[in-house]
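Values in this document were obtained by computation on a predicted structure and should not be read as measured data.
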Amino acid sequence: MMQKSLIGFRVMKFPRDVNRHVGCWKLARNLTSSSSPSFTMTSRINIGRPASTSYHSPDPHGFANSQPSTGYRAANPDHPLERIRAVAKQVEDAIEIYSQPLKPHLPTIGRFLIIVTFYEDALRIMTQWNDQLWYLQTHRHFYTGISHIFLLLNVITMLVASSAVIMKRYTEYAVIGLLSVVVIQGFGYGLMFDLTFFLRNLSVIGGLIMVFSETMINKKKSFAGIPSMSETDRKKYFLLAGRVLLIFLFFGFIIQGKWSIGRVFVSLFGLAACTMVAIGFKAKWSATFLVILLSVFNVFANNWWSVHSAHPQRDFLKYDFFQTLSIVGGLILLVNIGPGGLSVDEKKKTY
């Protein structure tokens, strides 16, 4: 009796709480009995889903967006620029495929073509020794002993340094020796201020710099307090200098000779290729184009073998022919080792 009265007291004291709990329990029971599990799951999913007017909606998950996207869009393959890029890619792939058999030999071929002009020059001095002495003593006013020493030093330096470049021995010193020959001969023969000679020799220097950058090694000796540059940093600066200097030969081709319609087209295409080489954009493709262009031009324009041996023009044509071969060798090295870090091609890989 006491227990029942206490229970009744509790019910009478908290009528609102009891009724609320009982009502909640009844509501949950009714929902459970009247609703299926699929209805309950569908209700939960529809909480985060946009309202749909029909069951068969074309976008049941609410991903459709009627507003135009401002993000990245796929390139249109029918666009003219995309077609040009596709053709350029095919050309690069073809060059890469067909140059595979020659690729292991490209460094040797490039080196030989670069120094072949120095071999020819040394041979010409030895076979025309008296004529060379007469020119230096009569027109350049060299003393007798100095002219002999001048020619002898040039011959020895060119032969020894060129052989060292071919054998890849002491290449840095060999390149410095050949660079000194180019400068000394320019002043010795009085041709330094001749524009065509100057441009050609700049291109020869560019080829020698390509050899220098290809064989560059880290210096083991360092000096305290002097910041040292890594091999990669030095190589990319030398490759940039070599690329820029190589194209000066083509400027010499533009300013000399008679103009024609064919010459205009060749000059325009060649100038575009030279610009691409200088900035390092599609450098291998443009360097390959220049190799073909200069080789064809060299055979037809500097055909010294078709001139009589007694003709004075023969030596000039031979000199131009072998100098052009030297620049072709520098471009072949560019095709083999690439444009380096300071180029558009390398930046495109980064970005």
Worked check of side-chain contact (heavy atoms from CB on, under 4.5 Å) between Q313 and H308: CA-CA 9 Å; Q313 191 68 18; H308 194 272; over 6 Å; no

Hphob cluster co-occupancy, F269 + L294, side-chain heavy atoms under 4.5 angstrom: yes

Validation row: E172, F212 side chains within 4.5 angstrom (heavy atoms): yes

Beyond-backbone contact of R200 with T324, side-chain heavy atoms, under 4.5 angstrom: yes

I176: partners by side-chain contact (heavy atoms from CB on, under 4.5 Å), with sequence neighbours left out: none

Side-chain heavy-atom pair S203, I247 within 4.5 angstrom cut-off: no

Over all atoms of both residues, closest heavy-atom pair of V155 and A122: CG2-O, 4.2 Å

Student check: side-chain heavy atoms of W129 and L151 closer than 4.5 Å: yes

Minimum side-chain heavy-atom gap I166-S163 below 4.5 Å: no

Closest heavy-atom pair and its distance - Q128, D315: NE2-OD2, 3.2 Å

Pair W304 + Y319: ring centers closer than 6.0 Å: no

Residue pairs, two or more places apart or on separate chains, that pass side-chain hydrogen bond (donor to acceptor under 3.5 Å, both in side chains) and touch residues 104-113: R111-E214

Backbone of N154 reached by a side-chain donor or acceptor of T157 within 3.5 Å: no

Nearest heavy atoms of F197 and G186, plus distance in Å: CE2-CA, 3.8 Å

Side chain R140, main chain Y135, donor-acceptor under 3.5 Å: no

Side chain proximity check, F118 to F322, heavy atoms < 4.5 angstrom: no

Hphob cluster co-occupancy, F316 + Y119, side-chain heavy atoms under 4.5 angstrom: no

ILVMFWY cluster, F193 and L136 together (side-chain gap under 4.5 Å): yes

Nearest heavy atoms of G280 and R243, plus distance in Å: N-NH2, 3.9 Å

From CA spacing to verdict: side-chain contact (heavy atoms from CB on, under 4.5 Å), F321, L317: CA-CA 6 Å; F321 178 84; L317 290 176; over 6 Å; no

Results of side chain to side chain donor-acceptor pair (under 3.5 Å) for T138 - residues two or more places apart only: W134

Side-chain touch K318/E120, heavy atoms, less than 4.5 angstrom: yes

Flag if over 12 foreign heavy atoms under 6.0 Å of NE2, H139: yes

Atom CZ of F142: over 12 foreign heavy atoms under 6.0 Å: yes

For residues 326-340, tabulate all N or O donor-acceptor pairs below 3.5 Å that involve a side-chain atom, not counting sequence neighbours.
residue : atom : partner : partner atom : Å
S326    : OG   : I114    : O            : 2.9

For D194, all residues meeting side chain to side chain donor-acceptor pair (under 3.5 Å), sequence neighbours excluded: none

L290 side, atom CG; M276 side, atom CE - distance, nearest 0.5 Å: 9.5 Å

Side-chain donor-acceptor pair present, T117, Q323, cut-off under 3.5 Å: no

Candidate pair I115 and M158, rule side-chain contact (heavy atoms from CB on, under 4.5 Å), full reasoning: CA-CA 9 Å; I115 56 89; M158 286 188 290; over 6 Å; no

L178 side, atom CG; I205 side, atom CD1 - distance, nearest 0.5 Å: 11.0 Å

Heavy-atom check, side chain of Y189 versus side chain of Q132, under 4.5 Å: yes

Heavy-atom pair with the smallest gap, counting every atom of L245 and G206: CB-CA, 3.6 Å

Main-chain N/O of L159 paired to S162 side chain as donor or acceptor, under 3.5 Å: no

Verify same cluster id: M167, V211 (apolar side-chain graph, 4.5 Å): no

Distance-only donor-acceptor check, side chains Q185 and D121, under 3.5 Å: yes

Mutual orientation of the aromatic rings belonging to Y170 and Y173 [parallel < 30°, tilted 30-60°, perpendicular > 60°]: tilted

Derivation of the side-chain contact (heavy atoms from CB on, under 4.5 Å) call for I184 and F150: CA-CA 9 Å; I184 291 173; F150 176 82; 3.3 Å; yes

Those residues that, when tested against I149, pass side-chain contact (heavy atoms from CB on, under 4.5 Å) (two or more places apart): L153

Residues N303 and S306: side-chain donor-acceptor under 3.5 angstrom: yes

Heavy-atom pair with the smallest gap, counting every atom of A164 and T171: O-OG1, 4.4 Å

